[in-house]
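Contents: one structure, followed by commentary.
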Amino acid sequence: MATLLHDAVMNPAEVVKQRMQMYDSPHRSALRCVWTVWRTEGLGAFYRSYTTQLTMNIPFQSIHFITYEFLQEQVNPHRGYNPQSHIISGGLAGALAAAATTPLDVCKTLLNTQENMALNLANISGRLSGMANAFRMVYQLNGLPGYFKGMQARVIYQMPSTAISWSVYEFFKYFLTKHKLENRAPY
């Protein structure tokens, strides 16, 4: 449920970010980008990749959490506060989840950006919509390797991000639990 709500709110922001990052983007500010997309493509443009986003984030989070828990069992079986184990497990879990879901991220980016050169190469007039169409177009243009474009950058981004997130989470869990135990009245 958290992913459904998160993606419903964040998908429009992702569309704006990706359109502003495109080479030779006509958008000079986030607000102008929102206005232009809204005016020329309508509300649907902000949610064109929503299904793909969900299809990517649900397995990403699942792989991420399962891998983190598995690695913690291996490197920190007593589950004590151990910053090094949290950083290593978090980074590796994020890397694996990012690598595994890169094909979905490639398709989501194509749906969000509606990149003109790609659409022209595929002889598509108008807008590309739907995850299945994005998957077909990526394969048509680049074959199997096309699904893994940007994987290295995605892994490099996710490793420190998830390592930091897990280490901060585990620190606060330890701090709050320790504080709670110290303030507990003896029986």
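For the numbers below, each heavy atom of this structure counts, side chains included, while hydrogens, waters and symmetry mates do not. Every value quoted in this text rests on a predicted model; they were computed, and no experiment measured them.
Between Y169 and S167, the closest side-chain pair of non-hydrogen atoms is not below 4.5 Å. Side-chain contact check for Q158 versus F60: some heavy-atom pair is nearer than 4.5 Å.
Annotation: side chain to side chain donor-acceptor pair (under 3.5 Å) contacts of Q53 (sequence neighbours excluded): K108. Listed by chain and residue number, R136 satisfy the side chain to side chain donor-acceptor pair (under 3.5 Å) test with N133 (two or more places apart in sequence, or in another chain).
Annotation: ring-ring contact (aromatic ring centres under 6.0 Å, His included) contacts involving residues 1-22, sequence neighbours excluded, are absent. Screening residues 86-95 for side chain to side chain donor-acceptor pair (under 3.5 Å) gives Y68-H86, Q72-H86, Q72-S89 as the qualifying pairs, with residues at least two apart or on separate chains. Within the structure, the side chain to side chain donor-acceptor pair (under 3.5 Å) test picks out no pair touching residues 26-35 (sequence neighbours left out). Applying the ring-ring contact (aromatic ring centres under 6.0 Å, His included) definition to pairs two or more places apart or across chains, those involving residues 97-146 are F135-Y147.
Within the 3.5 Å criterion, the main-chain N or O of N112 finds a donor-acceptor partner in the side chain of R19. Using a distance-only test at 3.5 Å, with no hydrogens or angles considered, no donor-acceptor pair links the side chain of S25 to the main chain of Q21. Between the T67 side chain and the I63 main chain, a donor and an acceptor come within less than 3.5 Å of each other.
Exactly one of L96, T162, T101, N57 qualifies for a side chain to side chain contact (heavy atoms under 4.5 Å, CB included) with H64. That residue is T162.
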